Amino acid sequence: MKISLFPEKCIACGLCQTYSDLFDYHDDGIVKFTTDDSLTKDVPECDAKIISAVKNCPTKALTIL
Ligand code: SF4
């Protein structure tokens, strides 16, 4: 599956990294991928931690494609 980030929707709440270390933050707290600055990434299917992060993002700044 693919995960997409929409940094313009992120409110820097810090929740997503508590679910999965796929997610990290810029200095201003806005979400990024831990490994690089891309906005879309292929991840293993059915990774429950990532799915939880996406479902619990309060502003839908994370999506599963
Ligand atoms: S959970 Fe959503 S709003 Fe909060 S830091 Fe992560 S992407 Fe941003």
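In this text the structure is predicted, and so the values were computed from the model without any measurement. All ligand and atom numbering here is 1-based and tracks the order in the structure.
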> Testing Leu65, Asp42, Ile64 for side chain to side chain contact (heavy atoms under 4.5 Å, CB included) with Met1, which one passes?
Replying inline: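 Among the candidates, only Ile64 passes.
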> Taking Ser4 for the side chain and Thr40 for the main chain, is one N or O donor matched with an acceptor at less than 3.5 Å?
Replying inline: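 Judged by distance alone, no pair lies under 3.5 Å.
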>> Strictly distance-based, threshold 3.5 Å: is any side-chain N or O of Tyr25 a donor or acceptor partner for the main-chain N or O of Gln17?
In response: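 Yes; judged by distance alone, with no hydrogens or angles, the pair exists.
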> Who's the nearest protein heavy-atom neighbour of atom 5 (S) of ligand 1, and how far?
Replying inline: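 Checked against all protein heavy atoms, atom 5 (S) of ligand 1 sits closest to Gly14 N, 3.3 Å.
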>> Restricting to non-hydrogen atoms, name the atom on Val54 and the atom on Leu62 that form the minimum distance, rounded to 0.1 Å.
In response: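 Scanning both residues, the minimum pair turns out to be CG1-O, 3.5 Å.
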> Looking at Ala12 and Asp28, what are the two nearest heavy atoms and their distance?
Replying inline: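 Minimum heavy-atom separation between Ala12 and Asp28: CB-O, 4.0 Å.
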> Roughly how far apart are Thr63 OG1 and Lys9 NZ, rounded to 0.5 Å?
Replying inline: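 It comes to 7.5 Å.
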>> Taking 4.0 Å as the limit for heavy-atom contacts, which would you say applies to Tyr25 with ligand 1: side chain only, backbone only, both, or neither?
In response: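 For Tyr25, only side-chain atoms sit under 4.0 Å from ligand 1.
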>> Is any side-chain heavy atom of Ile3 closer than 4.5 Å to one of Phe33?
In response: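 Yes; the side chains approach each other to less than 4.5 Å.
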> Which protein N, O or S atoms does atom 2 (Fe) of ligand 1 have within a distance shorter than 2.8 Å?
Replying inline: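 Listed by chain and number: Cys57 SG.
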